[in-house]
Chemist: 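This is the structure I want to talk about, given as structure tokens.
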Amino acid sequence: MRKSITERIRALKERRGAIILAHNYQLPEVQDIADYVGDSLGLSRKAAASEAGVIVFCGVYFMAETASILCPDKSVLIPDVRAGCPMVDMAPVERLLEMKARRPGAVVVSYVNSSAAVKAESDYCCTSANAVDVVESIEAETEIIFFPDKYLGSYVASQTGRSLILYDGYCPTHVRILAADILRLKQEHPGAEVMVHPECTAEVVALADRTLSTGGMCRYARECSSEELIMGTEVGLLHRLRKENPGKRFYPASEAAVCPNMKRIDLQNVLWSLEEMKHEVRVPEAVRARAAAAVDRMVETVKA
Ligand code: 13P
Ligand code: SF4
């Protein structure tokens with residue numbers, strides 16, 4: 001009998017000595033074959049701690065690139081090299097260099113949703129799970145450029161009381177979630193708690209009970225006593241939430257919050273990736289070594 005695609009992926013994964021890491025926004029079937037499903041910080045930590053020589057990274061390019069920065073001796077594969085992130089593309093390193101030139105004394109904190117070149121020009125890297133902690137670890141009087149997500153940056157500023165110098169970057173998927181969506185769902189489900197991702201606009205964040213990374217949302221959903229939750233983030237997270245919490249009800253804040261790049265990875269290209277050992281993600285060593293200093297600080301910032 002012909003083996004199913006998941007059986008073929010599992011067999012080949014064993015043969016290659018590979019692990020499969022998947023982001024929380026991946027398609028349900030991709031999450032289900034992964035060895036680990038998590039947020040950007042969890043995936044980076046998992047990549048760094050893994051003994052496997054090959055990592056198939058089911059997520060967007062900057063995530064695979066970050067794994068490669070952390071693990072230059074491993075082969076990090078992305079099954080579809082076109083799985084980019086528009087926030088990364090709207091923030092070329094030249095813009096950061098201009099900001100640095102205008103503020104020579106400032107420290108740079110870059111969101112992990114950025115290119116390796118941007119990370120190489122940064123002092124610290126952070127994810128949405130530890131952005132507040134990373135900023136709080138920097139001496140109070142220091143000027144900080146926060147690059148490139150203006151919504152995450154303004155959320156961090158509100159939580160830390162620091163005035164951050166922001167760039168005009170944002171996530172085109174999370175800005176589709178509107179305050180009107182949250183208000184309508186709150187009316188329809190008056191008992192529900194509202195969780196949103198800090199990439200949402202400030203008006204949406206202002207309506208939320210909790211603002212968390214995708215990993216933080218999974219943890220909170222498991223631990224809280226609420227049985228109904230309105231989720232202001234990319235809809236892919238609902239698969240994991242429903243699987244882990246069968247007794248609870250989750251409502252997407254907006255069905256329009258779909259990240260097309262995250263959905264480029266499917267079982268066919270995961271299998272192909274293992275067969276062909278493609279596409280290998282590598283960062284030139286001179287850039288990698290400089291970016292690694294900022295990314296190491298991100299991985300080591302424990303409180304999340
Ligand atoms: P998390 O790190 O919270 O999973 O977010 C990643 C991301 O790209 C959100 O759009
Ligand atoms: Fe980038 Fe937004 Fe997609 Fe996250 S959800 S990968 S920030 S476009």
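Atoms within each ligand, like the ligands themselves, are counted from 1 in listed order.
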Chemist: Nearest to atom 8 (O) of ligand 1, what protein heavy atom do you find, and at what distance?
Modeler: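 Sorting protein heavy atoms by distance from atom 8 (O) of ligand 1 puts Asn113 ND2, 3.3 Å first.
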
Chemist: Provide the closest heavy-atom pair for Leu96 versus Glu121 in the form atom of the first, atom of the second, distance.
Modeler: CD2-CB, 3.8 Å

Chemist: Under 4.0 Å from a heavy atom of Cys259: give me the atoms of ligand 2 that qualify, with their elements.
Modeler: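 In order of numbering, the contacting atoms are 3 (Fe), 5 (S), 6 (S), 8 (S).
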
Chemist: Looking at ligand 2, would Glu234 count as a contact under a 4.0 Å heavy-atom criterion?
Modeler: no

Chemist: If you count the atoms of ligand 1 from 1 in the order shown, which ones are under 4.0 Å from a heavy atom of His23?
Modeler: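 Within the 4.0 Å cut-off of His23, ligand 1 contributes 1 (P), 4 (O), 5 (O), 6 (C).
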
Chemist: In Å, rounded to the nearest 0.5 Å, how long is the span from CZ of Phe146 to OH of Tyr167?
Modeler: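 Output value for this atom pair is 14.0 Å.
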
Chemist: Using the ring centroid of each side chain, check whether His174 and Tyr151 are separated by less than 6.0 Å.
Modeler: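 That pair fails the under 6.0 Å test.
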
Chemist: So which atom in Val118 and which in Ala91 form the shortest heavy-atom distance, rounded to 0.1 Å?
Modeler: CG2-O, 3.6 Å

Chemist: Can you see which heavy atom on Ser68 is nearest to which on Arg288, and at what distance?
Modeler: O-CD, 4.1 Å

Chemist: Under a 4.0 angstrom heavy-atom cut-off, which atoms of ligand 2 come close to Glu199?
Modeler: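 Those atoms are 2 (Fe), 7 (S).
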
Chemist: Is the closest side-chain heavy-atom distance between Tyr170 and Glu199 below 4.5 Å?
Modeler: no

Chemist: Please state whether Asn261 comes within less than 4.0 angstrom of ligand 2, counting heavy atoms only.
Modeler: no

Chemist: Which residue and non-hydrogen atom of the protein lie closest to atom 1 (Fe) of ligand 2, and at what distance in Å?
Modeler: Cys85 SG, 2.3 Å

Chemist: Rounded to the nearest 0.5 Å, how far does CE of Met231 lie from OG1 of Thr214?
Modeler: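 If I round to the nearest 0.5 Å, the distance is 9.5 Å.
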
Chemist: Out of all atoms in ligand 2, which are within 4.0 Å of some heavy atom of Asn113? Include the element for each.
Modeler: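 Heavy-atom distances to Asn113 below 4.0 Å select 7 (S).
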
Chemist: Is the closest heavy-atom distance from Cys171 to ligand 1 below 4.0 Å?
Modeler: no

Chemist: Considering only heavy atoms of His174, which atoms of ligand 1 have at least one such atom less than 4.0 Å away?
Modeler: 10 (O)

Chemist: Give the residue, atom name and distance (to 0.1 Å) of the protein heavy atom nearest atom 8 (S) of ligand 2.
Modeler: Pro86 CD, 3.4 Å

Chemist: Could you list which atoms of ligand 1 come closer than 4.0 Å to a heavy atom of Ser128?
Modeler: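 Within the 4.0 Å cut-off of Ser128, ligand 1 contributes 1 (P), 2 (O), 3 (O).
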
Chemist: Mark up the atoms of ligand 1 that fall under 4.0 Å of a heavy atom belonging to Ser213, in ascending order.
Modeler: 3 (O)

Chemist: Give the minimum heavy-atom separation between Val281 and Glu65, together with the two atoms involved.
Modeler: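 Residues Val281 and Glu65, closest heavy atoms: CG1-CA, 3.7 Å.
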
Chemist: If you group Ile, Leu, Val, Met, Phe, Trp and Tyr by side-chain heavy-atom gaps below 4.5 Å, do Val135 and Val295 land in one group?
Modeler: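 Val135 and Val295: one cluster.
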
Chemist: Quick test: of every protein heavy atom, which one is nearest to atom 5 (O) of ligand 1, and how far off is it to 0.1 Å?
Modeler: His197 NE2, 3.3 Å

Chemist: Quick one: which ligand 2 atoms are inside 4.0 Å of a heavy atom on Val60?
Modeler: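 Matching atoms, with element in brackets: 6 (S).
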
Chemist: Could you check whether any side-chain N or O of Asp209 sits under 3.5 Å from a backbone N or O of Val194, counting only pairs where one atom can act as donor and the other as acceptor?
Modeler: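 Answer holds: yes.
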
Chemist: Using a 4.0 Å cutoff against the non-hydrogen atoms of Cys171, which atoms of ligand 2 qualify?
Modeler: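 Counting from 1, the qualifying ligand atoms are 2 (Fe), 5 (S), 7 (S), 8 (S).
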
Chemist: Indicate yes or no: at least one non-hydrogen side-chain atom of Ile144 is less than 4.5 angstrom from one of Ile165.
Modeler: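 Counting from C-beta outward, Ile144 and Ile165 never come under 4.5 Å.
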
Chemist: Record the part of Thr127 in heavy-atom contact with ligand 1 below 4.0 Å; permitted values are side chain, backbone, both and neither.
Modeler: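 Contact part for Thr127 vs ligand 1: neither.
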
Chemist: Looking only at heavy atoms, which two atoms of Cys259 and Thr173 are closest? And how far apart?
Modeler: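 Minimum heavy-atom separation between Cys259 and Thr173: CA-OG1, 3.5 Å.
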
Chemist: Which one holds for Glu234 and ligand 1: side chain close, backbone close, both close, or neither close, with close meaning a heavy atom under 4.0 Å?
Modeler: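 It is neither part, as no heavy atom is under 4.0 Å.
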
Chemist: What's the shortest distance from atom 6 (C) of ligand 1 to any protein heavy atom, and which residue and atom give it?
Modeler: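 Answer, as residue, atom name and distance: Ser40 OG, 3.4 Å.
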
Chemist: Can you spot which of Gln26, Gln31, His23 makes a side-chain contact (heavy atoms from CB on, under 4.5 Å) with Val37?
Modeler: Gln31

Chemist: Tell me which part of Val88 gets within contact of ligand 2: side chain, backbone, both or neither, using heavy atoms under 4.0 Å.
Modeler: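 Looking at Val88 and ligand 2, no heavy atom falls under 4.0 Å.
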
Chemist: If the cut-off is 4.0 Å to any non-hydrogen atom of Glu199, which atoms of ligand 1 fall inside it?
Modeler: 7 (C), 8 (O), 9 (C), 10 (O)

Chemist: Counting both backbone and side chain atoms, is some N or O of Thr214 under 3.5 Å from an N or O of ligand 1?
Modeler: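 Yes; the residue has a nitrogen or oxygen that sits under 3.5 Å from a nitrogen or oxygen of the ligand.
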
